[in-house]
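Written out below as C-alpha cells is the structure these notes cover.
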Amino acid sequence: MPELPEVETMRRGIEPIVGRRVLQLRRPRTRLRSIAISPRLSDFRRRVEGARIAATARVGKRVVVELRPGPNRPGEAARGGNGRGVDRIVFEPRMTGLVLLANPPDDEHVRLVFELSGRSRRKLLFWDRRGLGVVRLLSPRRFDEECGPARIGPDALEIPAAVLCQRLAGNRRAVKVALLDQRAVAGIGNLYASEILHRVGIHPETRCCELRPGDWPKLHAAMREVLLEALRHQGSTLRDGTYRTAGNRPGGYQFCHRVYQRAGQPCLQCERESIVRIVQAQRSTFFCPRCQRR
DNA sequence: CATATGTCCTGAGAGC
DNA sequence: TGCTCTCAGGACATAT
C-alpha cells in the first residue's frame with residue numbers, strides 16, 4: 001500500500017525522465033482486467049505522444065508527471081512553459097501499483113508502458129498486481145478538480161502543527177480513522193497511521209475531539225518523524241513483497257516497524273505487553289495497550 | 001453537513 | 001496435493 005514515503009521514493013526514482021520525450025504509449029494485452037485510465041487510450045496517446053516531460057511531483061499518494069507540449073501540438077506551445085497550462089500524468093498506485101523505471105517484478109502485471117526518448121531507450125512503467133490503481137492524463141482544470149485542495153488536503157510533510165490541529169480537533173471519529181482522511185491531511189495510510197500513534201503514545205480509538213490541545217504538537221512531531229524515517233529507508237516492503245522502488249528494489253523500513261503486522265509480538269517500547277490487532281473502519285490497526293492508553 | 005459502510009481487484013495463505 | 005475460502009486496504013460511491 002504505497003503511502004507518502006513509498007510514493008515519494010518512487011517519484012525520486014523516476015526523476016531521470018525529466019527532459020525526455022514520450023515517444024509511444026502502450027497498453028500490453030494480458031489475461032487480466034485492464035486498469036482504469038482516462039481519457040481512453042486513443043485520446044491519451046494523442047495527447048501524450050511527442051510531449052516532453054517537464055517535471056515530476058507528488059500530491060499525497062499520487063505521482064505526478066508534468067508535460068510540455070510536443071512538436072505534434074504546435075498550437076499548444078503558446079500556453080505551455082509556466083507549469084500551469086500543461087497536461088499532467090497522474091499515477092495513483094492505490095494498493096499494489098508501482099511506477100517503475102526498471103524491469104518490473106513480472107511482465108503479466110505491466111499495465112502501461114511509456115517509451116521514452118534518449119539513447120538508453122528507457123521505459124516508464126505502471127505495474128499493478130491487483131489492478132485497483134488508476135492512471136489519468138489531466139488538463140489543468142481537471143487536475144485542479146482531481147488533485148486540488150478540495151480533494152486532497154495539505155501534505156503530511158508540509159502541514160504546520162496548528163493547521164493539523166485545526167483540521168482534525170473537532171472531529172468525532174477515532175484518531176486512527178481520521179488520519180486516513182486524505183482531505184484532512186494527505187499521505188498517511190493504514191500502515192503509518194498505526195506507527196505514528198504508537199510513537200506518540202495515543203490509543204488509536206481515541207476520538208480526535210477527546211485529545212487535549214497539547215497532544216496535537218506531539219502527534220504532529222511523531223507524524224513527521226515516522227514519515228521522514230520511512231522515507232530515509234525508501235519505504236516499507238511488506239511480507240507480500242509488492243512494494244518496490246522505481247528501480248525495482250525493496251524498501252527497508254519494514255525492519256523498523258514497531259506495531260504494524262506485529263500482533264502477538266512484544267512491544268519494543270515497553271518490552272512487557274504484546275502488540276494487539278483490532279479492526280477500525282474495516283482496516284487493521286495495531287497498537288500496544290500499555291504504551292497507548294485511552 | 002459529518003460519519004459509516006460497501007465496492008472494486010488479484011494472489012497469498014489457511015484450512016480441510 | 002489441490003481445492004475453497006478469507007483477507008489485504010486506497011479511494012470513491014452510496015447510505016445513514
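Predicted, not measured: the structure shown is a model, and the values here were computed from it. Letters A, B, ... are given to chains in the order of the sequence lines, protein chains preceding strands, and every chain is numbered from 1.
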Rounded distance (Å) that lies between atom P of B:dA14 and atom CG of A:Asp240: 14 Å
Please enumerate all residues that pass ring-ring contact (aromatic ring centres under 6.0 Å, His included) together with A:His198, with sequence neighbours excluded. none
Treating primed atoms plus P, OP1 and OP2 as sugar-phosphate and everything else as base, which nucleotides of nucleotides 2-16 of chain C get B, S or - for protein heavy atoms under 4.0 Å? ------BBBBS----
Tell me the interatomic distance from A:Lys176, atom NZ, to B:dA4, atom P, rounded to whole angstroms. 13 Å
Could you work out, with salt bridge (charged side-chain N to carboxylate O under 4.0 Å, His left out) as the rule, every residue matching A:Arg94, not counting sequence neighbours? A:Glu92
Per the end-axis method with five pairs at each terminus, what is the bend angle of the helix from B:dA2-C:dT16 to B:dC16-C:dG2, to 10°? 50°
In the single-linkage hydrophobic clustering (I, L, V, M, F, W, Y; side-chain heavy atoms under 4.5 Å), do A:Ile278 and A:Val259 co-cluster? no
Salt-bridge test for A:Asp155 and A:Arg58: reply yes if a basic N is under 4.0 Å from a carboxylate O, no otherwise. yes
Between A:Tyr243 and A:Tyr253, does the ring centre distance come in under 6.0 Å? no
Just the rounded figure in Å: distance from P of B:dT10 to CG of A:Leu98. 16 Å
Answer yes or no: does a side-chain N or O of A:Arg33 lie under 4.0 Å from OP1 or OP2 of B:dC9? yes
Residue pair A:Leu191 / A:Glu3: nearest heavy atoms and the distance that separates them: N-OE2, 2.9 Å
Please, which pairs that meet ring pair (Phe, Tyr, Trp, His ring centres under 6.0 Å) have at least one residue in residues 154-177 of chain A, sequence neighbours excluded? none
Give the other cluster members for A:Val90, using side-chain heavy-atom distances under 4.5 Å between Ile, Leu, Val, Met, Phe, Trp and Tyr residues; answer none if it is isolated. A:Val59, A:Val64, A:Leu138, A:Phe143, A:Ile152
Below the 4.0 Å mark, does B:dG11 have OP1 or OP2 next to a side-chain nitrogen or oxygen of A:His109? yes
Using a heavy-atom cut-off of under 4.0 Å over every strand shown, decide if A:Asn171 touches base, sugar-phosphate, or nothing. sugar-phosphate
Would you mind reading off the distance between A:Leu32 atom CG and B:dC8 atom P, rounded to a whole angstrom? 17 Å
